[in-house]
Amino acid sequence: MEIKDAAIEKLKAIIKEHKKGACLRVFMAEGCCGPSVAMDLVEKPEKDDLEVVKKDLKLYVHKDAQLHLAKAVIDCDPAGEIVVTGLPDPEGGCGCEH
């Protein structure tokens with residue numbers, strides 16, 4: 001997983017607004033097309049989370065999300081919002097209107 005500098009700064013600002021000690025957690029959640037990557041701010045890791053540090057940004061990544069994030073890139077779009085690219089396509093069709 002790669003995190004671009006712009007995303008690191010944006011995430012640090014979000015965490016600072018949340019409250020001191022908060023950390024970004026990345027995990028898998030059920031979506032309409034199967035599992036999808038989700039993010040949340042937490043105070044401590046959950047079972048099976050691994051601690052990852054990228055340029056002073058600490059995050060917890062659940063072991064189930066690691067494979068899905070192998071080629072992922074977290075960056076900011078032109079509007080400054082966090083975007084994640086490089087994720088594997090969902091298996092099979094889901095019928096969603098995306």
(request) State, yes or no, whether a side-chain contact exists between Phe27 and Asp40 at a heavy-atom distance under 4.5 Å. (result) yes

(message) For Glu46, give me all partners under salt bridge (Lys or Arg N to Asp or Glu O under 4.0 Å), at least two apart in sequence or on another chain.
(response) Arg25

(message) Would you compute the distance between atom CG of Asp49 and atom NE2 of His62 and round it to the nearest 0.5 angstrom?
(response) 5.5 Å

(request) Report the residues that fulfil side-chain hydrogen bond (donor to acceptor under 3.5 Å, both in side chains) with Lys55, sequence neighbours left out, ordered by chain and then residue number. (result) Asp5

(request) For the residue pair Lys47 and Lys63, establish whether any side-chain heavy-atom pair is separated by less than 4.5 Å. (result) no

(message) On a heavy-atom basis, which atom in Cys76 and which in Ala6 lie closest, and how many Å separate them?
(response) SG-O, 3.6 Å

(message) Which Ile, Leu, Val, Met, Phe, Trp or Tyr residues join Val73 in one cluster when any pair of side-chain heavy atoms under 4.5 Å counts as a link?
(response) none

(request) Please identify each residue that fulfils side-chain hydrogen bond (donor to acceptor under 3.5 Å, both in side chains) with Glu2, with sequence neighbours left out. (result) Lys4

(request) Could you identify which residues cluster with Val84, counting Ile, Leu, Val, Met, Phe, Trp and Tyr as linked when any side-chain heavy atoms lie under 4.5 Å apart, either directly or through a chain of such contacts? (result) Met1, Ile3, Ile8, Leu11, Ile14, Ile15, Leu24, Val26, Met28, Val37, Met39, Leu41, Val52, Leu57, Leu59, Val61, Leu69, Ile74, Ile82, Leu87

(message) Is any side-chain heavy atom of Lys12 closer than 4.5 Å to one of Asp56?
(response) yes

(request) Just jot down the side chain to side chain contact (heavy atoms under 4.5 Å, CB included) partners of Glu51, sequence neighbours excluded, or say none. (result) Val53, Lys58, Tyr60

(request) Among residues two or more places apart or on two chains, list those pairs meeting side-chain hydrogen bond (donor to acceptor under 3.5 Å, both in side chains) that have a residue in residues 64-76. (result) none

(request) Just jot down the side chain to side chain contact (heavy atoms under 4.5 Å, CB included) partners of Ala13, sequence neighbours excluded, or say none. (result) none

(request) Any chance you could pull the hydrophobic cluster mates of Val83, using side-chain heavy atoms under 4.5 angstrom and chaining through other members? (result) none

